[in-house]
Every structure is written in structure tokens, then in C-alpha cells.
Amino acid sequence: MRTTTAIGYENNLPISDPNSLGTREIEVPPLGPHDLLVEVEAVSVNPVDTKQRKGAPSGGFRVLGFDAAGTVREVGSAVTLFAPGDEVFYAGTIDRPGTNQRFHVVDERITGHKPTSLSFTDAASIPLTAITAWESLFDRLLLNEESRGTLLVVGATGGVGSVMLQLAEALLPGVTVIATASNSERATWARDLGAEHTVNHHEDLPAQVLGIAPRGVDWLFTAHSKGQIDTYAEIVRSFGHIVAIDDGPRDIAPLKAKSIAWHWELMFTRPVQQTPDMIEQHHLLDTVARLVDEGRMRATTTNSLTPISAETLREAHALIEGGRTVGKIVLHGWE
Ligand SMILES: NC(=O)c1ccc[n+]([C@@H]2O[C@H](COP(=O)([O-])OP(=O)(O)OC[C@H]3O[C@@H](n4cnc5c(N)ncnc54)[C@H](OP(=O)(O)O)[C@@H]3O)[C@@H](O)[C@H]2O)c1
């Protein structure tokens, strides 16, 4: 039996509790046919980590962590996309043990080749947010290089928004992007990543957005939709589209008068449901890596902690729970 150092939780404790995350030696599961064994060099932390730690049953001891960058050490019997020694980045899936462990098992079909121009640390800032942003823009809203119109990105300075602005800038030349940003520093971050306009979500959003797009925006991406449905009904044009990645409002009836469509995006759908097209996550991560290596996208790391330990993960979880981080928090190296 092979073992690995892992960081996880037993009970759903507040992050201020020193026992909210702890370290253990756990078994490395045998590789399935499409699995890779990856030596993890860096991980990043997402809101899903904190939500799961606070509310999901641990089954005794559960390892969190979704984003990772590392090196392939072994491959399963049916693997064709990678070989030992390859450097990879990926976001894993919610129904398998997470990446907060030194040796981690992941399916090749949801794994990408790491951008060669990035360190492991910067590469780990990207995958989960890139998959979410990509699937929102191209699979849910069906945008492409011919698309013409205005996109409002709500949550633009967060992890997902910071990648979405870059994807829109790189691949959607006919789309004008409006980004939410709560102060001038954050507005500069959003503009540097490609937003043409910024609006402050703590002020009158309809007045600001309709001042830029008088007929309403064509598309709205939101990471923060709670209590916002009447506002969205006002600022999205008739027959427009909304894609939401948070837990969303319970009632979308106010959208009916303008026949506004509501889409859900969950980046775990493909791996959890084992959809026939789950390999698209491999392809999109490879495309993102190419865009990074061509200098058309960049890492979104704003805070880098070391080593990967229960202590640094507690620090990162606390920052994420504050709900105000810009870009991504990444952890790298082992004790
Ligand atoms: N469905 C999926 O597949 C999926 C994938 C990734 C994330 N998510 C979810 O999406 C949400 C965002 O994820 P993330 O990684 O981008 O989060 P994040 O990086 O933690 O987001 C923090 C950012 O959100 C901004 N923000 C907070 N409240 C806001 C509001 N009401 N309006 C506009 N901006 C606001 C903050 O800016 P200010 O401080 O300036 O307000 C901050 O820059 C989380 O709930 C996460 O669980 C879902």
C-alpha cells in the first residue's frame, strides 16, 4: 500500500478552529484506466473548498483542493494523452479526494498540459476558474468570434471573473465587456485584464449599466446573483441571456416579461456525470495553456503562500471566506 501526506477535515468547523483542517498520511488509491498519478507542486484555493469544509460530510477524513499543478509520475493502462514526466494543471472533481495531498490521482480527460511559460505556482491559479469561465462563455452563452454585443461580468475581480475578462479579450473581439469593481484599484485590475468599462456594484447598477448599454446588455455572467433578479430583469435586454455560477435566486419569474434565458454553469458537471464530452475539459485547458504561452492570457495569482500545510490552507480559507479577494491565492511546496 502506497501512502501520501494529505490535508483535510474531519468535522465541519469554523476556520478559526485549529482543528478545522489537519494533516494525515493516507492511502493512494490504485489508478483507474484513465488515471494519472501526479506529484502535486502547487494548489490554489476556491470558494468551493470553504463551502465544502463548512457544510459537507467528511466521511471520516476528507481531502479538499481542486486546482493543482504538478508532474505526472505514473499513468493508468488506457492513458493516451500524457506520459510520466509531463507537467500538468487541472481542477479535478468534487466526487474524488482533492489535491491537497502530495501524490494525487486525476482522470487524464480533465487534465491539461501546464503552460510551459508559467511556474507551477502560477499554473495552479488557473484551471478551475478557466474551466468555469470557458464553459460559461462558449458552452452556455454560445459566444464565438462572430458574436457582437455587450457582456456584463458580475464578480469580475474574483477568481472566475479575472479569467473570463481575459478569455473575452483574447477570443471575443466583437464583445464589449463591462466589469463590476468596487473601487479604483479593482477597476484598474479589471481594465488591465481586458474590460472596456467598469461599474461599481455597491452603487446604482442599472443607472451605470444602462448608461453604457441603453437597450440593456446582451449577456450577463454572474458569480453573485443572490437578491439581484429584479436588477437583472432591468439591465438585460429582451431575449438576452444570463449565466450564473453561484447558488442563484429561487425565483426567476421576473425575467419572463423580457423572455430572458437563465443558464446554470457547474464546472463539475462533466466529470461527476461522466458526460461523453468530458474530454473537452482537457482540450480547453490545453487551449488556455497555449493562450498563456502566446502571451494572450496570464496567471491571476495575487497571493502566494508556502508550504502547502494545514496552517497555510487555514490562512487561505479565511481569506476566501472574507469574500473580497482579487484574483487567486496559491500555495506551493511541501514541508
Ligand atoms: N458553478 C461553478 O462551476 C463555479 C465555479 C467557480 C466558482 N463558483 C462560485 O462562484 C462564486 C465566485 O467564485 P470566485 O472564485 O470568482 O470567487 P472569489 O474570487 O472569492 O470572489 C471574490 C470577488 O468577488 C467580488 N464580489 C463579492 N461580492 C460581490 C457582489 N455582490 N457583486 C460583484 N462582485 C462581488 C469581490 O469584489 P468586491 O470585494 O470588490 O465586491 C471579490 O473580488 C463563488 O460562490 C463560487 O463558489 C462556481
Side-chain angles (χ1 to χ4, degrees), residues 15 43-56 64-67 91-95 110 124-141 152-167 178-190 192-193 195 198-206 208-209 220-229 231-232 235 242-249 262-273 281 284 300-303 316-330:
I15 202 60
V43 299
S44 77
V45 181
N46 293 281
V48 63
D49 290 272
T50 66
K51 291 177 187 175
Q52 292 283 303
R53 194 208 77 247
K54 284 193 284 194
L64 290 169
F66 299 95
D67 280 321
T93 180
I94 200 161
D95 57 354
I110 58 172
S125 74
I126 295 176
L128 189 146
T129 53
I131 292 170
T132 310
W134 183 287
E135 292 183 346
S136 295
L137 292 176
F138 305 119
D139 298 333
R140 304 286 92 74
L141 297 180
L152 173 64
V153 179
V154 178
T157 51
V160 178
S162 297
V163 174
M164 179 168 285
L165 299 180
Q166 299 187 69
L167 284 174
I178 307 172
T180 59
S182 64
N183 61 34
S184 60
E185 198 183 328
R186 287 159 187 254
T188 302
W189 170 266
D192 285 350
L193 295 177
T198 57
V199 289
N200 187 335
H201 49 281
H202 295 302
E203 293 169 7
D204 185 343
L205 204 57
Q208 296 171 83
V209 171
L220 189 157
F221 162 85
T222 179
H224 302 280
S225 66
K226 198 173 173 197
Q228 295 300 305
I229 205 70
T231 301
Y232 295 171
I235 63 179
I242 298 171
V243 57
I245 63 165
D246 64 345
D247 294 335
W262 183 273
H263 306 261
W264 289 116
E265 161 59 20
L266 177 61
M267 53 76 57
F268 293 127
T269 297
R270 278 174 162 151
V272 170
Q273 304 299 331
Q281 292 197 341
L284 78 84
T300 53
T301 315
T302 49
N303 191 352
H317 276 227
L319 289 166
I320 292 286
E321 285 179 14
R324 296 226 57 212
T325 52
V326 172
K328 296 286 300 180
I329 306 171
V330 184

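Each ligand, and each atom within it, is numbered from 1 in the order the structure gives. Just so you know, residue 1 is the first one in the sequence shown, and it goes up from there.
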Protein residue, atom and distance nearest to atom 3 (O) of ligand 1, heavy-atom basis: M267 N, 2.8 Å
Identity of the nearest option to atom 37 (O) of ligand 1, non-hydrogen atoms only, from Q52, R186, E265: R186
Check: S184 and W189 side chains under 4.5 Å, non-hydrogen atoms: no
Backbone or side-chain N or O of V160 under 3.5 Å from ligand 1 N or O: yes
Donor + acceptor pair across side chains of K328, N303 (<3.5 Å): no
E185 CD: over 12 foreign heavy atoms closer than 6.0 Å: no
Heavy-atom check, side chain of V45 versus side chain of H317, under 4.5 Å: yes
Contact check: V154 vs ligand 1, nitrogen or oxygen atoms, below 3.5 angstrom: no
Sub-4.5 Å side-chain heavy-atom contact between V154 and F221: no
Atom 45 (O) of ligand 1 [closest protein heavy-atom partner, distance rounded to 0.1 Å]: K51 NZ, 2.7 Å
Top protein contact for atom 27 (C) of ligand 1, by heavy-atom distance: H224 CE1, 3.4 Å
Which residue and heavy atom of the protein sit nearest atom 22 (C) of ligand 1, plus the separation: T325 O, 3.4 Å
Whether I131 lies under 4.0 Å from ligand 1, heavy atom: no
N or O pair under 3.5 Å between A181 and ligand 1: no
Close side-chain approach of V272 and I94, heavy atoms under 4.5 Å: yes
Sub-4.0 Å heavy-atom contact, L266 with ligand 1: yes
From the candidates G159, S136, P47, S44, the one that places a heavy atom nearest atom 46 (C) of ligand 1: P47
Nearest-neighbour protein heavy atom for atom 48 (C) of ligand 1, which is reported as residue plus atom name and distance: I245 O, 3.0 Å
Shortest protein contact, atom 36 (C) of ligand 1 (heavy atom only): G323 O, 3.6 Å
Check: D246/S225 side-chain N/O donor and acceptor closer than 3.5 Å: yes
Atom 39 (O) of ligand 1 [closest protein heavy-atom partner, distance rounded to 0.1 Å]: R324 NE, 2.6 Å
Closest protein heavy atom to atom 41 (O) of ligand 1, given as residue, atom name and distance to 0.1 Å: H201 NE2, 2.7 Å
From Q281 atom CD to L284 atom CG, the distance as rounded to the nearest 0.5 Å: 6.0 Å
Any side-chain donor near an acceptor of the partner, R186 and T180, under 3.5 Å: no
Sub-4.0 Å atoms of ligand 1 with respect to non-hydrogen atoms of T157: 37 (O), 42 (C), 43 (O)
Backbone N/O of L128 and side chain of D67: donor-acceptor pair under 3.5 Å: yes
Enumerated ligand 1 atoms positioned under 4.0 Å from heavy atoms of L128: 5 (C), 6 (C)
Atom pair CD1 (I178) and CG (L220), whose distance is rounded to the nearest 0.5 Å: 9.0 Å
